Amino acid sequence: MRIPSVNELKEKFSKLYPNYPISYFTEPSRRVAQIIREKWQKKELQKLEESYLENLMKEVFKKYETPSLKRVINATGVVIHTNLGRAPLCKKAIEEITKVAKYYSNLEFDLKEGKRGSRYVHVEEILKEITQAESALIVNNNAAAVLISLNTLAYGKEVIVSRGELVEIGGSFRIPEVMKWAGCILKEVGTTNKTHLSDYENAINENTALLLKVHKSNFEIIGFAKEVSVEDLVTLGKKFGLPVMKDLGSGCFIDFSKYGLKKEPTVQEVLKAGVDIVTFSGDKLLGGPQAGIILGKKEFIEKIRKNPLNRALRIDKLTLAGLEATLRLYRDENLALEHIPVLKMILTPKEILKKRAKYLLKKLRKLKLKEFNFEVIETINKTGGGALPTLDLISYAVAVKSPLSPQNLQKILRENEPPIITRIEEERLLIDVRCLFDEDYKEIISAFEKFGNDKKYTS
Ligand SMILES: *Cc1c(COP(=O)(O)O)cnc(C)c1O
């Protein structure tokens, strides 16, 4: 068998897609030739039919044209899924991002004075308004916020942290390591399950620069356990003239216990307790774009702002636009609950989730796929993203049993366009409805519809 040359394939591609310049097809042609060569070597292909070649070329080209970073459907039920991009943004944020992306903006231009301004002013006022913080600064993400705060407040000095709070957040963020790279000396106190105020007090010496509390974002210590409250730590800090910092992780402005969920400390409460610096993420429970928010006392925030690291960790204009639009919704709690997708998804009543699952069930059963069994089941979700770790949210899913193994079915759905990300429980594939957008349903249905093209699965 003769394998077509790259030049021949380029010509063929040109005829298939006349609107593209021929140079565009060099790489797809190489890929096609490579696939044919491999298939021929493995003896999977003896003869190259024209129709086979054309289909292969179309398939390769479609893949070549699809962006690597793309929309997926989150059917896992995990609202703040770090691997799936954490928080989907609210409509207003998307609008503002689009405007700032398309046109020039006053990013660092003071329109009143007609001279250079600061990029941070755009979110500083609104953050102060919502949280009553004295001052605010935004960096690239919360890891950066912790790093720059530690580096500014305690470079070369000791930072006291409870052993129960030396946490690892997914993706290599570990407090002892961040401490090291910030140039600080970690001073561990207490034990895994219990830390007393006296443990902190006894560890204070002339080289101590900071008292740090880290929110246990993704786990809880239950049973014989004790930790020191922020309030007590603040009192201790005052006594010794030491600043107190809290890494809140997934900071939120809304008290979820009001809505029947578990209590997570809000940003406002932590500030009210008197901490000097609080850090949290923009894209966890807050529901905005990726950002690290630093709030607190003006004297410390100003120092952090002047740290040369700030230039390396600075936030870009698109994030600023999205963050400002998201923050503005928090001026009214109901507005935030109504428009911020992450909040809406966490607080959707289970009756509504059940209704949605039943709707999906009806549509899937209508496809009449042979040997596919669909049913609605109750499931338990985690919010994800290092928030509300021990909270179980009741949700609903369509459970699928099919002639395919659940792993195989999961893979086929993952390779769908758009990919559908699911989970497997008890040998069944689950399509959880909590995080589905209205427009996701038809994609899921049409992904299953494709099984209907295979005679094996039609009755
Ligand atoms: C998530 C988290 C971080 C890291 O935040 P990113 O926004 O992912 O950089 C740091 N500390 C705590 C406690 C967290 O929960």
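All values reported here derive from a predicted model rather than from experimental measurement. Ligands are counted one by one from 1 in listed order, and the atoms in each one are counted from 1 as well. Below, each value reflects all heavy atoms present in this structure, side chains not excepted, and no hydrogens, waters or symmetry copies.
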| message | Distance under 4.0 Å to a non-hydrogen atom of Ser281: what atoms of ligand 1 satisfy this? | response | 5 (O), 6 (P), 7 (O)

| said: Less than 3.5 Å apart, any donor N or O on the side chain of Asn416 or Lys450 sitting next to an acceptor on the other? | reply: yes

| So which of Lys194, Arg163, Lys213 actually passes salt bridge (Lys or Arg N to Asp or Glu O under 4.0 Å) with Glu227? | Lys213

| Within-cut-off N or O pair, Ala143 and ligand 1, under 3.5 Å | yes

| note | Per-atom filter on ligand 1: closer than 4.0 angstrom to a heavy atom of His215 are 13 (C)

| query | Residues two or more places apart in sequence or in another chain: which of them pass side chain to side chain donor-acceptor pair (under 3.5 Å) with Tyr20? | reply | Glu65

| Structural part of Asn142 in contact with ligand 1, heavy atom criterion under 4.0 angstrom | both

| Charged N to carboxylate O under 4.0 angstrom, Glu269 versus Lys263? | yes

| query | Is ligand 1 less than 4.0 angstrom away from at least one heavy atom of Arg86? | reply | yes

| message | Against Arg331, only a single residue in Glu125, Glu129, Glu324 fulfils salt bridge (Lys or Arg N to Asp or Glu O under 4.0 Å); can you say which? | response | Glu129

| request: Answer yes or no for Lys284: is there a heavy-atom contact with ligand 1 below 4.0 Å? | output: yes

| message | Looking at ligand 1, would Val146 count as a contact under a 4.0 Å heavy-atom criterion? | response | no

| said: Other residues, nucleotides and ligands only: do more than 12 of their heavy atoms fall within 6.0 Å of NZ on Lys70? | reply: yes

